[in-house]
Colleague: 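If you scroll down you'll find the structure; I have some questions about it.
Keep in mind that what you see is a predicted model, and the values were worked out from it rather than measured. Below, read A as the first sequence line, B as the second, and so on, with proteins coming before strands; counting in each chain starts at 1.
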Protein chains: 2
Amino acid sequence: MGISFSTVSKALNNSPVVKEETRQLVLQKAKELDYAPNMLARGLRSKSSKTIAAIFNDIENPVLTYIYRKISIDMAKYGYTTLICDAQFDPDIERSNILSVVARMPDFVIIEPTTSDPANLKLLANMANRVIVLGKRYPGINHNFIQIDYELGGYLAAKELLAKGHRDCLVIAEPIAFPISGQFIHGIHRAYQDHGLELEPERIIYTHASIENGSKAIMQLWDYNEKRFKINFTGVMTFNDAVAYGVYKAASHLALRIPQDISVIGFDDNPLSAFSLPPLTTIYLPREKIAGSIIEILHNVLLHNDQEIYNFFLEPYLVSRDSVNDLNN
Amino acid sequence: MGISFSTVSKALNNSPVVKEETRQLVLQKAKELDYAPNMLARGLRSKSSKTIAAIFNDIENPVLTYIYRKISIDMAKYGYTTLICDAQFDPDIERSNILSVVARMPDFVIIEPTTSDPANLKLLANMANRVIVLGKRYPGINHNFIQIDYELGGYLAAKELLAKGHRDCLVIAEPIAFPISGQFIHGIHRAYQDHGLELEPERIIYTHASIENGSKAIMQLWDYNEKRFKINFTGVMTFNDAVAYGVYKAASHLALRIPQDISVIGFDDNPLSAFSLPPLTTIYLPREKIAGSIIEILHNVLLHNDQEIYNFFLEPYLVSRDSVNDLNN
DNA sequence: TTGTACGCGTTATCAG
DNA sequence: CTGATAACGCGTACAA
């Protein structure tokens, strides 16, 4: 058969200028030969690699995995492939992730920034409406934002503890450089103010979120000689559920009971947190809405050529289970 | 300055033919201009896109996330980007994932196949030693294999239940089409034979692994009129921990206690399974070794140009906690 | 409606 | 050691 390259290309891309008959011929032959266009060449030529890049800080966090999976599965239907980098809360790694991702000409970048410094985000400046920033808003940055109200999250967590009579609390949070960590802390302070109280800075422990680090944070406070904690506390609020389980672990190691000896409140709501001993009181991150919002933006911009810049604002809420003791009765 | 494209390219790629002096000049200028090579063009020309593709069946499974993260973080150091697809246990989706991934000219594909039918794997045939297959071996397929002994896993799970006096058990497993599901079941049967017993086929429930499905599997057995199960059982073994928590959920719903009324044994060992109520007895999948083996292959082939085909064989083991009741005393 | 020729940004080859 | 040129596989303007 004598059909030229370009006709084939047009047929495969549903160009309306090609005769239906020839298109069918081409499509059939393509299927026969298991032909798949080289996406690198296509991307190089058309400036669209059909790729969506995600840059997150802890891929093992189930909330992030949930979101990533939803996006990946949905966009795969339209021929998009999703790649994901783990910036590990480190701006330098984030920078190299961005560079490495941008060099692959992605159609969209979804990023959960490591720092309030917009320097890294500026590397994405020319992608404008094809970037989604997760977490908090950056003034002067013209991207799509999915803001998540961590301030409210912190507030709700502290409120719950304070309402149940816990005045001496600990906070275990991501290092303050992490943008949303500051909001979380801020919300906690606001709840304290509501109660006419103040949270001393030494009661806030900064560490990367993991079971191990949560456990260490508590253990380092233990005075082995005196057999008690160096700082008095009845409640702990944590930046995510993994950290909360670190507290569980430390408590178990010290033969302390939750919630009778230590009350704990998490963040994120791990799918398994309903089954823990005791079931964990935590702040629910609206993962369905986050994923839904991202997919909505992706569809509008990528599939319908929308030029708008989106700004979603999502709120977490308290899920009350059994890890907070009520001191009032 | 008058340095040609080709010299620049050589300088950037550490070609030994370029003078050190010129290289420094180029590197400096590159940094100045924030120059980053277009990976699509580079990939098109050099047949290496510096990309590693993973095709898994449930990205939300923490074991998979752990492995993916380790690979992603490690290989990022060498300029490789990792992309991941979720085949959702569906051979058709897997096929389109493979096609979509191959079109991006990845340097490596890591795949956890959906089916024992090697048809999809054949699409990767010309990548030979640049494919890693996770799970079980396919005869006649010439790829790297990381075999995980699910047969042993099933055996250990059943053994534990049988040793503690549970003769009437249920199995909740991934549909048998999923390659390693058959091995799991086979191991269970072998343990039964060791005890001179037999597991009736109707005691095996096939469903995709999730908390919800695990719960449904149990609930559908409940006779609401008689207030008892349609099939008598004291123990349940599941294909992964999420399913086990589905059993927890159903038990809680029916006001049944674990392990007094129902003993449960999971698979995978979710990081949070140590904290559940009760702590879950489960089969530990050697995730560190799996990740380590993959990285070893990746390094040898990609970084050191090794041509060997690797075949790892990894074994799970029992982690005994409190979700299995001992009926013997 | 179809075919020809060029360009996307690199790297590989080969001549200088 | 450096520079010119071709080629990677595709999409598209323009010619036929």
Side-chain angles (χ1 to χ4, degrees), chain A residues 1-51 78-81 99-107 123 126-127 130 302 305, chain B residues 1-51 78-81 99-107 123 126-127 130 302 305:
Chain A
M1 59 194 290
I3 298 182
S4 76
F5 294 121
S6 67
T7 309
V8 171
S9 170
K10 282 171 203 152
L12 259 27
N13 289 303
N14 295 317
S15 163
V17 301
V18 60
K19 210 201 312 178
E20 190 52 34
E21 193 187 341
T22 3
R23 160 173 300 123
Q24 290 310 330
L25 222 70
V26 171
L27 288 181
Q28 190 195 323
K29 206 70 190 166
K31 187 143 287 176
E32 234 171 82
L33 301 173
D34 259 331
Y35 169 81
N38 181 320
M39 294 306 281
L40 299 185
R42 170 179 285 188
L44 182 60
R45 182 62 240 249
S46 63
K47 307 275 173 214
S48 161
S49 63
K50 290 272 185 180
T51 299
Y78 309 103
Y80 289 87
T81 289
L99 258 23
S100 147
V101 147
V102 164
R104 283 166 175 87
M105 312 278 125
D107 294 288
L123 298 170
N126 53 0
M127 289 191 63
R130 282 151 44 228
L302 255 22
N305 264 309
Chain B
M1 62 195 291
I3 299 183
S4 73
F5 294 122
S6 60
T7 308
V8 170
S9 169
K10 282 169 203 153
L12 258 26
N13 290 301
N14 296 316
S15 163
V17 301
V18 57
K19 211 202 307 176
E20 190 52 35
E21 193 185 340
T22 2
R23 159 173 297 120
Q24 290 309 330
L25 224 68
V26 171
L27 288 181
Q28 191 195 321
K29 205 70 190 165
K31 187 144 285 177
E32 232 171 84
L33 301 173
D34 257 332
Y35 169 82
N38 180 321
M39 294 306 281
L40 298 185
R42 170 180 286 189
L44 181 61
R45 184 64 239 240
S46 65
K47 306 278 172 214
S48 161
S49 62
K50 290 272 186 181
T51 299
Y78 309 102
Y80 288 87
T81 288
L99 258 22
S100 148
V101 146
V102 165
R104 283 166 175 87
M105 311 277 123
D107 294 289
L123 297 170
N126 54 1
M127 290 190 61
R130 283 152 42 228
L302 254 22
N305 264 310

Colleague: How would you list, by chain and number, every residue that makes a side-chain hydrogen bond (donor to acceptor under 3.5 Å, both in side chains) with A:Arg45, sequence neighbours excluded?
Modeller: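 Applying side-chain hydrogen bond (donor to acceptor under 3.5 Å, both in side chains) to A:Arg45 gives none.
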Colleague: Heavy-atom count around B:Tyr78 OH within 6.0 Å, excluding the residue itself: above 12?
Modeller: yes
Colleague: Go along nucleotides 8-16 of chain C 5' to 3' and tag each nucleotide: B for a protein heavy atom under 4.0 Å from its base, S when only backbone or sugar atoms are that close, - otherwise.
Modeller: BBBBBB---
Colleague: Can you find a heavy atom in the side chain of B:Pro37 that is under 4.5 Å from one in the side chain of B:Leu12?
Modeller: no
Colleague: Taking atom CD of B:Glu21 as the centre, does the number of heavy atoms from other residues, nucleotides or ligands within less than 6.0 Å exceed 12?
Modeller: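 No.
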Colleague: Dump the intermediate steps for side-chain contact (heavy atoms from CB on, under 4.5 Å) on B:Met105 and B:Lys47, then the final yes or no.
Modeller: CA-CA 7 Å; B:Met105 311 277 123; B:Lys47 306 278 172 214; 5.5 Å; no
Colleague: Looking at D:dT2, I'd like to know if its phosphate oxygens (OP1 or OP2) sit under 4.0 Å from a side-chain N or O belonging to B:Thr22.
Modeller: yes
